[in-house]
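Taking it in order: structure first as structure tokens, then the write-up.
Proteins get letters first, then strands, A, B, ... in listed order; numbering begins at 1 in each.
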Amino acid sequence: MSIQKSLEPTVRNGMKTLFDVEVPTVEFQETRKEFDGDITVVVFPFLRFTKGNPFEIATKLGEYLKESVEEISDFNVVKGFLNLVISDIYYLNSFSKIYKNSNYGITKPELEDKSVMVEYSSPNTNKPLHLGHIRNNLLGYSVAEIIAASGKKVYKTQIINDRGIHICKSMLAWERFSNGETPESTGLKGDKLVGNYYVKFDQEYKKEIEELIKDGVNEKEAKKNAPILQEAQNMLRKWESGDEKVVTLWKTMNQWVYDGFDKSYKELGVNFDINYYESNTYLLGKDVVAEGLEKGVFFKKEDGSVWIDLTDEGLDEKIVLRADGTAVYITQDIGTAIQRIKDYADINSMVYTVGNEQDYHFKVLFLILKKLGYKWAQNLYHLSYGMVDLPSGKMKSREGTVVDADDLMIEMTNTARDISQELGKLEAYSGEEKEKLYNTIGLGALKYYILKVDPKKRILFDPKESIDFNGNTGPFIQYTYARIQSILRKANFDYSHEIIGISLHKKEKELIKLLENFPEIIKNAAENLSPALIANYTYDLVKAYNSFYQTVPILNCENIDEKVLRIQLSKRVGDVIKTSFKLLGIDVPERM
RNA sequence: GCCCUUGUAGUUCAACGGAUAGAACAAAAGUUUCCUAAACUUUAGAUCUAGGUUCGAUUCCUAGCAAGGGUACCA
């Protein structure tokens, strides 16, 4: 329990006793470091309830608190800010509790709590993963971990977009141009191989259009009537009717892609509890639309298409089923959501990690599900995030301006290797150990770089300026962790006993204050679906620890009690770094 | 046109409506007989504009400007 919470009733009592007013809430903040004190009561808001000079109110309140609260050793007033000095005994006690809790910061789920499903990644099976997917995966995975740490059971999932005309395009191109190439025969990752044929299709398609235009066909007609496109459409019809040959090819090529994706996911350190496939859920969506039509949630236009009217909600009319009865994007999403609740009776909340270009789509989706009468529809959240842009603008696969996920991860590891070798601290380790470490550091840099930014904001990524390894970065934090482990390795004596009755150094107090905040930070990050809060907190903690490390001796400390406390502090700071980095999906090294 | 998001040092990011707007990179200067210098300590530098609400506004409201996105029987 934080000191704030325990002080709040006392402050309220004080206001009642001194001025005979009931104040509804008390505003606390950390005392700025240029003033004396640890915690500050903001007195200005009380002026609404009692007249008077804020300075005098604060002074009287300060006297009252000093009298009645043991932990408050002194106070001072600046304008309407009442700065309270908290005694070292309080901090030692508080730290002792933190130190005893070996799983500090993590809340275990209660049995009766409802679970949350977090969706992320959701790739297109025609395109290898790129930098944008990396942000999506890191965000989704991290948010899932954070929610779990805040005390809820979490299922991680993705929806795989495995059907439609675009799939047929790469299938057709492969049939025509590949001479039977496979991932095995070429050594290419399956997703890359299939991606190549998707590009190949586009090239051939463009060629055919040009030729048709040369023959005097107008552009619109040419685009529509290019033979290769028609053949792809034909293939889709065959797929939908269950043509054996087409379905077999579809399964084979999809499997190549999944195998390729699995490698990337593994390298990135993300995973899923269950996958959903669009090919399995789009039909359910159509059934639900039919039901909703009967209930009057939807209406039918003359041409047979089905719509929902959301003008009352300030939105437009939105189509949910085409005139020919085929499903649109949102039809399938309706089906998927309902399927998930059917599959997992214990979930009552879902988080969708999808880019902000789909804000409108999810607003509509959630509204539709509410109107269909699903109770859980009020607990749906769109974790909307900004795009990752290059200096040249948006990433476009056709223009070759895509930063490939696999390539980027390799590049990061290479940079880590270069820097590490230059520093030359790792001579004693085997080649295998070193490579693992380079990977940990390189990916740490990449993940932290992306996760430290507020999800809502777009990220500008300049491939020419490589990601930093110094300053507010993943490796900076990893380095601090490694340094702490080094201290702990050297502290080969029993330092477990509780320390009481010593006076604290300023830097020690700072660390304890920061440690106290950790559980609250996790809760906040879970509520706001924001890993950035964890990243920024960890940075602050590490910054404070490094300053502490540089200012005071730890192992060389002469007073044994102080030495033990400092080692304990180091231990706990290291644990918190490890825990929060785990929530970000980042590994920490024992040495670097 | 309408709707949504974002505008903070040269650059990349912070700041429940609170005190003198914090960091990092880049720039300038310092700290290794001492626990890992991927560190630490200094210096210099910013709230898009105009109004409003408030004891107090980077934060809330209104208008404008700028960037991005959406507004499709694409996903």
- Note on the structure: Of B/A75, B/A38, B/G18, the nucleotide closest to the side chain of A/P45 is B/G18

- Check: B/U36 base within 3.5 Å donor-acceptor of A/K425 side chain: yes

- Message: Less than 4.0 angstrom between a side-chain N/O of A/K33 and OP1 or OP2 of B/A19, yes or no?
- Response: no

- Message: For a quick test of reading the model: is some side-chain N or O of A/K363 closer than 4.0 Å to OP1 or OP2 of B/C3?
- Response: no

- Item | Donor/acceptor link under 3.5 angstrom from A/E27 side chain onto base of B/C16 | yes

- Note on the structure: With the side chain defined as heavy atoms from C-beta on, A/I441 is closest, among B/A38, B/U12, B/U36, to B/A38

- Message: Taking the six-membered ring for Trp, are A/H361 and A/Y329 closer than 6.0 Å centroid to centroid?
- Response: yes

- Message: Using a 4.0 Å heavy-atom cut-off, does A/N124 contact any base of the nucleic acid, only the sugar-phosphate backbone, or nothing at all?
- Response: nothing

- Item | Spacing of the P atoms in B/A57 and B/A39 (rounded, Å) | 38 Å

- Message: Looking only at the side chain of A/K452 (C-beta and beyond, no hydrogens), which of the listed nucleotides B/G70, B/C40, B/C13 gets closest?
- Response: B/C13

- Item | B/U41 phosphate, OP1 or OP2, under 4.0 Å from A/S547 side-chain N/O | yes

- Message: When you measure from the centre of the six-membered ring of A/Y282, is the NZ or CZ of A/R163 closer than 6.0 Å and no more than 45° off the axis?
- Response: yes

- Message: With a 4.0 Å cutoff (strictly under), does any side-chain N or O of A/N546 reach OP1 or OP2 of B/C40?
- Response: yes

- Message: Between B/G56 and A/F44, is there a base-stacking contact, meaning the centre of the base's six-membered ring lies under 5.5 Å from the residue's ring centre while the planes stay under 30° apart?
- Response: no

- Query: Any side-chain N or O of A/R458 less than 4.0 Å from the OP1 or OP2 oxygen of B/G68?
  - Reply: no

- May I ask you to check whether over 12 heavy atoms, not counting those of A/K434, lie within 6.0 Å of atom NZ? yes

- Message: Any base atoms under 4.0 Å from A/N126, or only sugar-phosphate, or nothing? Heavy atoms, all strands.
- Response: nothing

- For B/U42, does the glycosidic angle fall within 90° of 0 (syn) or outside that (anti)? anti

- Message: Does B/U36 have OP1 or OP2 under 4.0 Å away from a side-chain N or O of A/S486?
- Response: yes

- Message: Looking only at the side chain of A/L423 (C-beta and beyond, no hydrogens), which of the listed nucleotides B/A38, B/C35, B/A23 gets closest?
- Response: B/A38

- Under 6.0 Å from the NZ atom of A/K523, do we count more than 12 heavy atoms belonging to anything else shown? no

- Message: Between the base of B/A19 and the side chain of A/T40, is one N or O donor paired with an acceptor at under 3.5 angstrom?
- Response: yes

- Item | Phosphate OP1/OP2 of B/G70 contacted by A/Y360 side-chain N/O (<4.0 Å) | no

- Message: OP1 or OP2 of B/G70 versus the side-chain N and O atoms of A/K318: is any pair under 4.0 Å?
- Response: no

- Is the A/Y352 ring parallel, tilted or perpendicular to the A/F366 ring (thresholds 30°, 60°)? tilted

- Message: OP1 or OP2 of B/G7 versus the side-chain N and O atoms of A/K457: is any pair under 4.0 Å?
- Response: yes

- Query: Is there a stack between A/F35 and B/A19, judged by ring centres under 5.5 Å and planes under 30°?
  - Reply: yes

- Query: When you check the phosphate oxygens OP1 and OP2 of B/A21, does a side-chain N or O of A/R32 lie under 4.0 Å from one of them?
  - Reply: no

- Rounding to a whole Å, what distance do you find between A/F461:CZ and B/G68:C1'? 19 Å

- Message: In this structure, how many angstroms lie between the P atom of B/C40 and the CD1 atom of A/I477, rounded?
- Response: 11 Å

- Query: Considering only B/A38, B/A14, B/C34, which nucleotide approaches the side chain of A/N556 most closely?
  - Reply: B/C34

- Message: Can you confirm whether or not the ring centre of A/Y481 sits under 6.0 Å from the ring centre of A/Y545?
- Response: no

- Message: Looking at the base of B/A38, is there any donor atom on it, or on the side chain of A/S420, that sits under 3.5 Å from an acceptor on the other one?
- Response: yes

- Would you please confirm or rule out a distance under 4.0 Å between OP1 or OP2 of B/C74 and any side-chain N or O of A/R322? yes

